[in-house]
Structure formats: C-alpha cells, structure tokens
Amino acid sequence: MTNWTVADLEDWDARIRERVGAFGLDCFRQEFELCDYQAMLGYMAYHGMPSHYPHWSYGKAYEKTRTLYDYGVTGLPYELVINSDPCLAYLMTDNSLCLQILTIAHVYGHNDFFKNNFTFASATNAGETIGSFKARADRVRRYIEDPSIGDERVEQVFDAAHALAFCISTADAVAKHIAPRRERPEPAVVADPFADLHKPLEIEEPQESFPEEPTADILAFIRDHHPQMEVWERDLLDIVDAEARYFLPQIETKIMNEGWASYWHHRILESLPLPHDVQLEFMVRHNQVVCPHPGSLNPYHLGFVLWHKIAERHGEDAIWAVRETDRDASFLRRFLDAETMRELDLFSYEPRGDKLVVSEVSDEDHWEDVKRKLIAQVGGGTNPVIRITDADFNRRRELYLCHDHDGRDLHLGYAERTLQHLHALWGRRVLLETRVNGKVTRLAYDEDGFDARLVV
Amino acid sequence: MVESIFRPFASSDALKSDRTARDRLRHRQKLKAAIRENIADIIAEESIIGRDRDKVIKIPIRGVKEYRFVFGDNHGGVGGGAGDTQPGQVVGERKSGQSEPGRAGDEPGLDYYETDVTLEELIDVMFEDLELPDLERRILKDVIAERTVKRRGYRRAGVRVHLDRKRTAKARVRRMKSRGIGEPSLEPHEPLPDAEDASEKPRFPFINDDLTYKKLVEDTKPESNAVVICIMDTSGSMDSLKKYLARSFFFLLYQFIRTRYERVELVFIAHHSQAQEVSEENFFYKGESGGTMISSGYNKALEIINDRFHPAHWNVYAFHCSDGDNFESDNQATLRAAEELCDLCNLFGYGEIKPMGSHFYESSMLELFQKLERPNYQSVLIEGKADIWPSFRAFLSSERRANAE
C-alpha cells in the first residue's frame, strides 16, 4: 500500500523544483513516469529506453534481475533516470512517499549533472537520445524482417559487436589536437622515358603502417575499414558503437554523478520542512544510500563525502565548476587527499593464495600508492585499454592489437572468446599482444582456433 | 523554475505489451541449446528414473555467457574499511582461478545461474541426444499400460454408459406394484396409445431411485506387476560419462517396462565389494574405491527378490551395469549367482560400459558370461552414447525371443 497520490507527488515536486531553482541547479525539463515493478524490470533490461532494439542478452538481463529480485537478493533501484532532454525518470509505484520525495530530489541532481558535465555534453546529444534509440531500433527491426538478412545474421553480428562494445576511447576533455592528415608519400616512380615500350613500372610501396596512429575504437575501425562488409553490417556496428558512447560518460563519472545527486537530495530535503515521519524515514534511507560498504567502495558514499569536502574547503562556488570539468579519475586525483583517505579508511589489497589481503593502508608513506591504484580502477579504468596498432599485419590484412598493460592481466578465458568474436567480424587472423604473469604474450585467433604464445 | 511532468501509472500499459517476451524467448532457446551440449553431465547428476514428468529441476547453466575483454584476478584493488584496517588483514576470498572474472565494484561477477527445466524437457533432450527414432520415442513417452476391468456388483450412481437397463426396468416395475398401480402390459407389441388415450392412463416415469449401474473394478492380475532391479558397480572407476550411459540405459529400461505393466517397482543396488540397496540419488554417487565383487550385487538382488518380489507374483527384470572389473576369485561365485538370477527373472541383462575403446585393454566380464547359456540372458557392450539405443534394442529383442519360447 502506498501513502500518496499523484497530486501529492506533484505538490512535493513543485516544492523541490523551487529549491532546485534557488540553489542554482541547471536542469533539463523533467518527466516522471510512474511504473510498477514489472515495468521497472522491463525498463531496466533495456537501460530505461522506451524503445530499444531486440537481442537475447536483454532477455537474459531481465531474467537475471527478476530472479535476484524474486529471491530477495537485491531490491530494485528506487529510480531509473536516463540522460535525455527532457530528462526521463521512472518512479516505482510501490515506494513510500518519503522514498518518492527523496528520489525526485535525487533525479534533479542527475538531471543537472547530465546537462552540465563535459563528458555528457561532449559525447551525447541529450535532445536526440530517445529519438536516436528509437531510430536505431527501427533500423534493426527492418534488417531482421528483411528476408535477405534475417534474425540469425543480425544476432550474430550483435553477439560479436557486443563483446567489443566498450573497446572505445574515453571522452576527450579537450578536443583532441587533430594533426593535419599526414600525406601518404607517393610511390617512388622511376622515371622511364620509354614508358610506352616497357613493361609496367616497378612501384615501390611505401612502408607505412595502417592505421597511422593506434586506435582504441575497435568497432568504429572495423566499420570504416573492413573491405568487404555489407552496409547493414556496418550499420549494426555503428549502432552498438553509438550506444556504448552514450553509456560511456555514465561509466566515467559514476562516483561524481551519484555523489552529486546524493549531495543535492540531501541538501534539498534538509532545506524543506518535512513531516515528522517523512523526516525520520528520510534519515534512514539516506544513510542506507550513502553508507560505506566495508571491503569495497560505495560510489554514492565516496562521491557524497568528496562533494562535501570540496564545498567545505573551496567554498560553495567551487563545486559548480568541478561538476562541469571533471570525471572520476581527475575528480579523485584533484580532491582526494591523505586526510580524507584516512577518514574513509581506504586500503589496497592483493590476492595471496586464495585470499585477498590488505597490502597498503592510507598512512603517511603509502596513501599516494593507494590513491594511484584507486584512480586506475575507476571510471574508464574498469575496462582494459586495447588498441589496434596494425590492420595489415604480415601484409595479410591480419589485425594486430596491443593491450595497454597497467599491472592487471586480462582474463584469458574471456579474452579467447572475445577474440573469437573479433575474428568473426574481421574475417582474418586477429592477434592481441598483452602480458600474462609478467611475460609478453601474443594471443591469436584464426580459423584454426585460439593460440597463445610467448613473444621472445 | 524548471518544468516537470508526471505521467501517472496505468496498469493497462504494462499489460498491453511485454516487449521483453521475444528476447526472453530467444534467451530460453539458447539455454536449451546449452543444456543439450551438457546433457551428459546433467543426466549423470540428476535423478530421472521413476520421477514425475512435471517435476521441475534446477540445473546450473554456464552456456550463455557474454564475453568481453575483462581483467583477470591476478591484481588487487582498493576498498574502504571500517576504520582500523591493517596491512596483512584478510578482506576477502579470491575468486577461484581463472574461471570467473572479478569486476571492480558494481556488478556481481558471476555469470552463472540455475535454470528451471521440467523433467519432460530434459528427457526430450536426452532422447534427441541418444538419437532415438521418433516412433520409439513416442512409445516410450506415452505410457500405455494395459488395464483391464471386470464387473463386480451394482451401484446407485454412475455414468450413463454403465446403466444396467434390465435392473433399472425391474426396479420401476417393483415400485409400480408396491403402489398398487395396474399391471404393466407384458405384451411386447402393444400398440402405442394415441394422444387421447395418454391423458386417461397416468404416466409412470423412471425416477432416480430406479437407475442401477454396473460397478466396474480394476482387475489386478498377478502378471501386471513388474520390478526393475538396477544393479550398478559404484567403485571409483565409474566416472560421470559412465554414469550418464548407465543412467540413460536404466531409464530406457524402466520406461519400456512401464509401458507393459501396470505397476512397476524400482530397486537400486549399488555394489563395490559389498552391496547395498539405495535410493536413486545415492545410486549414482561415486562410491569409495576398492575392490569389486559383482557376486555381492547379485546375491543382494536374489535376497531382495526372495524377500519381496516372488516370481510367482512379479515379473522381474534385473540389469547390471559395470565397467567390467571384478576380482578374479569372485568370478565363479558371480557366474553361479547370475545363473540363479536367470532362473528367477524374466530377463537378466548385463551391460558393460567401456567408453572410448577401453575394452581393448581392460578386463571384461563379457567373456565369463558367455558361459551363461540362458535364453533370458542378454549382454551389451556400451562404448558411447551412440551405442545406447542399438544395445537397448538388441536387449529388447532378446526379451521378445524369451517370451516367445
């Protein structure tokens, strides 16, 4: 049973919006949609998008969340908010009035962040989010219905493309200095005055690598440079790539974004006169959201603490610029200091035998080490950086990739199967240079299967 | 001030379309394919013989993973403590080996879950895997036990087809008499009274109390009872492939027997150097290693038959699966016990399971059993799942022969 009506919510929303304006948050127009838990499960499977192309992995995601929810392993999130203009958020009908109020305030925090943080502003076009997801879904359905393409082939391309979706370069803080396109040197032509009498000219091919610069955008590269791909296949790669780019800012700013929304729901609700029972429930819920998770890191908690620290140390005004110009890595680098780290009792751990053992704590000598390790694992650091260095390896159009090893080995079983997908897309042998247990190793996949060998 | 809109909840929207349906269906298909790939392991671990077909079982699935480049588990990470964390403190368990990738933070790294499958689905997959011909598959699936009934007495309630007309008519007559209403004409061809006459002569219809039904009872014939005695070597050498082969063979046998008898009992005897009667679950557990004395299993079977399933009332089917290992010194006793079993059983079978050509170098009981010249003895050699169906058929044909004699 719920203890509110939609009119109540509209009423509270008006009060919250008044505070949002007074505090100076800069939001897109906001839309709330009320849904029950079944609809919520459905939205979650498709990342909240009202329209999305079909693929079995979303059915799997649905079953998984549903199972976890049915068995009470996890609750559903209080809200689901998507980065679009107008900003779209789903509220669950089962939640209490207090949770709805908290959620509404929280959503405005996200809304402001979406609109202003550079990663979102540069990578996504909020006004077209919903429309472009819908357009992509429509295109995919057309391919599926096209008898010359069909369900199965579309699924195969998606299976492979999904495996590589997050092999993309992170958003650029400063528009990359684009070097003027280097001219490919003209083949050296040996001048021959009797050309019309002689055999065809000897042409010396320039020893030029392709791509000129290593690129981390694997799907985009295949889309643009695969010599035999059909148009619909290129389009599917483009669709997966575009979607990954839409989600990348959320991965890159998880701590900042959740911290920011928590910071603002806290401040907004503190500044509103709340009925006593709502006030009590709010304190409990808020603490559930931003409590530390001993042994791991709660991004809500870390972000919440840091935004408070910034406001304390650098003044209220400082936070506005930070929410615009940082992402998690730079946010932590700039504002996480030794004192805060000790307060949060941050430590680094290592596997020893079958246990995870604390290796360093944030004391005088080691806090910088711990901080460095933390920064490496947040944001874009959750995915390995892998670049295509040569698309014509051995002069046989084999694809050569290098893993930018930062101390963390790849999971070999997963790498093998991902390379298999990459091979399916590229059609020729694919090679990946990485380090395994400290030794430079080359993983390869071709029609004969997987192969791993040390590079001597 | 920023604008906002609220869209109230409309349950009709949620009911109108379930857009996850297609993707869930496809996922389900992929799951089924994954089950098919792992059917040997699943059947080896799951009790299927003599279970209700609608039973839902949970089986772990690893089939439909989504792969991408992820980090392994050779590295550590950063976490927050409760305030007094010290170097050297243990903060967690490392995830086992290279099997599952750990993901920093947000997502449970396990891409491993259980799925519900009904036994029916599982058996379908098994039949496909064993390449059972369609026709036979249907025979084994639709259990048509032969049932007979006989009349015994009468009763007041029943279905119309069982109405006993004669007794019903008599009852009505009796009632008329007792009321003193005139004698009904016994003239068989009395002309039908015309409409005017009908008003003069009062009608005397049947009432519910007149209706008498034949009572039918199920006829239990002694031949309708059968017992399937599954004997298996559970010494250490029976691995999961062998168990799968043995279990599917026992299963087929049981299904087949069920098509022919009304009541089928199952007995499981596990033996190594000693024999024990066990439940199906325990039957397929790996026993302790050590010597094998097949005679112990046979003697146990004889004991059970004499105790509970006297051949005068029961059709006894005994089948023994083993990988052919036996103590040399036990062979004579085994042969004797096997002969005794042949005397008591409708059919006694021995299946030797030797996957992948191992019968070339391992000891075998098949030679020994050649001395057993009984028409109701049948042996089969199962080298792989492809052999299950042909050997099962050979086994049955010998049963037909035995019956004909």
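Numbers restart at 1 for each chain; the letters A, B, ... are given by sequence-line order, proteins then strands. These numbers were taken from a predicted model, which means no experiment stands behind them.
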If one checks every heavy atom of A/Leu25 against chain B at 4.5 Å, the contacting part turns out to be neither
Under 4.5 Å from any heavy atom of chain B - which part of A/Tyr108 = side chain
Below 4.5 Å from any heavy atom of chain B, which atoms of A/Asp112 appear? Answer side chain, backbone, both or neither.
-> neither
Determine the option with the most heavy-atom pairs under 4.5 angstrom with chain B, choosing from A/Pro384, A/Ser348, A/Pro299.
-> A/Pro384
Can you say whether A/Thr434 sits under 4.5 Å from chain B via the side chain, the backbone, both, or neither, judging by heavy atoms?
-> neither
Are any non-hydrogen side-chain atoms of A/Ile104 and B/Phe6 less than 4.5 angstrom apart?
-> yes
Side chain, backbone, both or neither: which part of A/Cys87 has a non-hydrogen atom closer than 4.5 Å to chain B?
-> neither
Heavy atoms only, distances under 4.5 angstrom: which of A/Lys355, A/Glu416, A/His366 has the most pairs with chain B? Name it, please.
-> A/Lys355
Around A/Asn437, counting heavy atoms of other residues, nucleotides and ligands shown, do more than 12 lie under 6.0 Å from its CG?
-> no
Scored by heavy-atom pairs under 4.5 Å with chain B, the best of A/Leu302, A/Ile386, A/Val20 is A/Ile386
Backbone of B/Val2 reached by a side-chain donor or acceptor of A/Gln30 within 3.5 Å | no
Which bit of A/Asp151 comes within less than 4.5 Å of chain B, counting heavy atoms only: side chain, backbone, both or neither?
-> side chain
If one checks every heavy atom of A/Ser57 against chain B at 4.5 Å, the contacting part turns out to be both
Supply the atom-to-atom distance B/Phe71 CZ to A/Asp409 CG, rounded to the nearest 0.5 angstrom.
-> 9.5 Å
Kindly compute the distance separating CD (A/Glu63) from CG (B/Leu31), expressed to the nearest 0.5 Å.
-> 8.0 Å
Would you check, one step at a time, whether the test side chain to side chain contact (heavy atoms under 4.5 Å, CB included) holds for A/Ile144 with B/Arg22?
-> CA-CA 13 Å; A/Ile144 288 174; B/Arg22 174 196 188 275; 3.8 Å; yes
So how far is it from B/Glu3 CD to A/Glu31 CD, rounded to the nearest 0.5 Å?
-> 10.5 Å
Sort A/His293 into side chain, backbone, both or neither according to what part of it lies under 4.5 angstrom from a heavy atom of chain B.
-> backbone
Between B/Thr20 and A/Gln38, is any pair of side-chain heavy atoms under 4.5 Å apart?
-> no
Using non-hydrogen atoms only, which part of A/Glu18 is less than 4.5 Å away from chain B: side chain, backbone, both, or neither?
-> both
May I ask you to test the B/Lys30-A/Glu155 pair for a side-chain heavy-atom distance under 4.5 Å?
-> yes
With chain A, the option among B/Ala82, B/Gly76, B/Ala21 that has the most non-hydrogen atom pairs under 4.5 Å is B/Gly76
State whether the side chain of B/Arg19 and the backbone N or O of A/Pro50 hold a donor-acceptor pair below 3.5 Å, judged by distance alone.
-> yes
Qualifying residues under side chain to side chain donor-acceptor pair (under 3.5 Å), relative to B/Gln29, sequence neighbours excluded | B/Arg26
Give the C-alpha distance, both sets of side-chain angles, the deciding distance and a yes or no for side chain to side chain contact (heavy atoms under 4.5 Å, CB included) between B/Phe69 and A/Leu164.
-> CA-CA 8 Å; B/Phe69 289 120; A/Leu164 299 157; 3.9 Å; yes
Which word best sums up how the rings of B/His27 and A/Trp56 line up, parallel for under 30°, tilted for 30 to 60°, or perpendicular for over 60°?
-> parallel
Honestly, the part of A/Ile251 sitting under 4.5 Å from a heavy atom of chain B is neither
Give, as side chain, backbone, both or neither, the part of A/Tyr62 having an atom under 4.5 angstrom from any heavy atom of chain B.
-> side chain
With sequence neighbours left out, what residues match B/Val278 under side chain to side chain contact (heavy atoms under 4.5 Å, CB included)?
-> B/Phe268, B/Ala270, B/Gln276, B/Asn282, B/Phe283
Interface check, chain B: of A/His421, A/Arg417, A/His301, A/Glu350, most non-hydrogen pairs under 4.5 Å belong to A/Arg417
Leading residue by heavy atom contact count with chain B [cutoff under 4.5 Å; candidates A/Val361, A/Val358, A/Leu34] = A/Val358
For A/Leu374, is it the side chain, the backbone, both, or neither that has a heavy atom closer than 4.5 Å to a heavy atom of chain B?
-> both
Select one option (side chain, backbone, both, neither) describing which atoms of A/Tyr43 are under 4.5 Å from chain B's heavy atoms.
-> both
Below 4.5 Å, heavy atoms only, C-beta onward: do A/Phe166 and B/Arg68 meet side chain to side chain?
-> no
Flag, side chain of A/Asp345 to backbone of B/Gly83, donor-acceptor distance under 3.5 Å | yes
One option among A/Leu91, A/Leu346, A/Asn111 has the most heavy-atom pairs under 4.5 Å with chain B, and it is A/Leu346
Taking it one step at a time, do A/Arg29 and B/Ile5 satisfy side chain to side chain contact (heavy atoms under 4.5 Å, CB included)?
-> CA-CA 8 Å; A/Arg29 203 154 49 82; B/Ile5 304 176; 3.9 Å; yes
Segment of A/Ala14 engaging chain B (4.5 angstrom heavy-atom cut-off) = backbone
